[in-house]
Amino acid sequence: MSRKLGRVMSSSRMITFVAFLCAVFAWVFKMPVLLTVSIAALVVSAALYINDKYRKSKLKKSA
């Protein structure tokens, strides 16, 4: 991820935003497969968020 984009939006936030857009399109167009993909993306986003929080807390403890 580029440094400029990283200041505005973290990886987990970007994935969450894309997953939200996919979920809206899936709901509007009645596409259950796309809804499943967006739910999976939300799970991945949650995992990235937790991983980022863990790394930040680990860095603060070692500093």
Side-chain angles (χ1 to χ4, degrees):
M1 183 181 337
S2 72
R3 192 169 171 89
K4 188 175 183 180
L5 181 61
R7 291 181 185 163
V8 176
M9 191 177 288
S10 67
S11 300
S12 60
R13 286 183 183 170
M14 187 167 49
I15 291 173
T16 303
F17 178 70
V18 172
F20 173 74
L21 288 178
C22 288
V24 169
F25 285 127
W27 177 58
V28 170
F29 297 123
K30 296 180 181 16
M31 302 170 84
V33 174
L34 186 59
L35 185 61
T36 304
V37 170
S38 65
I39 290 171
L42 285 172
V43 170
V44 169
S45 174
L48 281 173
Y49 178 76
I50 291 169
N51 189 22
D52 287 345
K53 287 293 184 182
Y54 175 73
R55 282 186 186 176
K56 282 183 182 180
S57 69
K58 193 173 180 181
L59 285 174
K60 283 184 180 180
K61 285 182 182 179
S62 66

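- When the side chains of ILVMFWY residues are joined at heavy-atom separations under 4.5 Å, either directly or via intervening members, Val37 and Val18 end up in two distinct hydrophobic clusters.
- A single hydrophobic cluster is not seen to contain both Val33 and Met31; linkage of ILVMFWY side chains at heavy-atom distances under 4.5 Å, directly or through other members, places them apart.
- Through chains of ILVMFWY side-chain contacts below 4.5 Å, Ile39 is grouped with Leu35.
- For residues 21-39, there are no side-chain hydrogen bond (donor to acceptor under 3.5 Å, both in side chains) pairs, not counting sequence neighbours.
- Note on residues 42-53: pairs passing side-chain hydrogen bond (donor to acceptor under 3.5 Å, both in side chains), not counting sequence neighbours, are Thr16-Ser45.
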